[in-house]
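Please read the structure below before turning to the comments.
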Amino acid sequence: QVQLVESGGGLVQAGGSLRLSCAASGRTFSNYPMGWFRQTPGKEREFVAALSASGITTQYADSVKGRFTISRDNAKNMVYLQMNSPKPEDTAIYYCAAGRRPFFSTSNTDFNLWGQGTQVTISS
């Protein structure tokens, strides 16, 4: 079964840190870009960070640039999102996603496999 499973969400104080993990299984993901997106009630899912297959190219939403870091371990089929100095406005359900083609993209329409999401709550 091809799937992505996120973990690591929870309640953290603003200014702290949190690391989200995404375990990929069922097929080879090392040739595809991976991304993190987030969604809050009543809003559309928004891009947070993306990483190329090689891990060399990254892109971040302006709102998280300098605070969040995306990384991957292709040998373990894992993707991570390190969240430093989170803010209350970072509170959301965070989703891991795998690209549908082996080309770098930040558009959610270019990601065709999604995890179930993990809740992140940042308290002030």
Nearest 0.5 Å, please: how far is [atom2] in [Y] from [atom1] in [X]?
{"X": "Gln3", "Y": "Cys96", "atom1": "CD", "atom2": "SG", "value": "11.5 Å"}
{"X": "Phe68", "Y": "Leu18", "atom1": "CZ", "atom2": "CG", "value": "8.5 Å"}
{"X": "Gln13", "Y": "Ser124", "atom1": "CD", "atom2": "OG", "value": "9.0 Å"}
{"X": "Asp90", "Y": "Thr121", "atom1": "CG", "atom2": "OG1", "value": "11.0 Å"}
{"X": "Gln59", "Y": "Thr106", "atom1": "CD", "atom2": "OG1", "value": "5.0 Å"}
{"X": "Asp73", "Y": "Ser30", "atom1": "CG", "atom2": "OG", "value": "11.0 Å"}

Where do [X] and [Y] come nearest, in terms of heavy atoms and distance?
{"X": "Ile122", "Y": "Thr91", "result": "N-OG1, 2.9 Å"}
{"X": "Val2", "Y": "Gly26", "result": "CG2-O, 3.7 Å"}
{"X": "Ala53", "Y": "Arg72", "result": "CA-NH1, 3.3 Å"}
{"X": "Arg101", "Y": "Pro33", "result": "O-CD, 3.2 Å"}
{"X": "Leu81", "Y": "Ala49", "result": "CD1-CB, 4.2 Å"}
{"X": "Ser21", "Y": "Met78", "result": "CB-CE, 3.8 Å"}

Taking the ring of Trp114 and the ring of Phe37, is the distance between their centroids below 6.0 Å?
yes
Can the positive tip of Arg27 be found less than 6.0 Å from the middle of the six-membered ring of Tyr32, inside 45° of the ring normal? yes
Say whether [X] and [Y] are linked into one hydrophobic cluster, either directly or through other cluster members, by side-chain heavy-atom distances under 4.5 angstrom.
{"X": "Phe29", "Y": "Tyr80", "answer": "no"}
{"X": "Tyr95", "Y": "Val120", "answer": "no"}
{"X": "Phe104", "Y": "Ile70", "answer": "no"}
{"X": "Met83", "Y": "Val48", "answer": "yes"}
{"X": "Val64", "Y": "Val12", "answer": "yes"}

Whether the Thr109 and Ser107 side chains hold a donor-acceptor pair (N or O, under 3.5 Å, no angle test) is what I'd like checked. yes
Margin query: Using side-chain heavy atoms (C-beta onward) and a distance below 4.5 Å, is Asn108 in contact with Glu44?
Written below: no
> Given Val79 and Trp36, is the side-chain contact (heavy atoms from CB on, under 4.5 Å) satisfied, shown in steps?
Replying inline: CA-CA 9 Å; Val79 181; Trp36 287 95; 3.6 Å; yes
Exercise for review: Examine distances only and state if a side-chain atom of Glu6 and a backbone atom of Gly117 form a donor-acceptor pair shorter than 3.5 Å.
Suggested key: yes
Could you check whether atom CD of Glu89 has more than 12 heavy atoms from other residues, nucleotides or ligands sitting under 6.0 Å from it?
yes
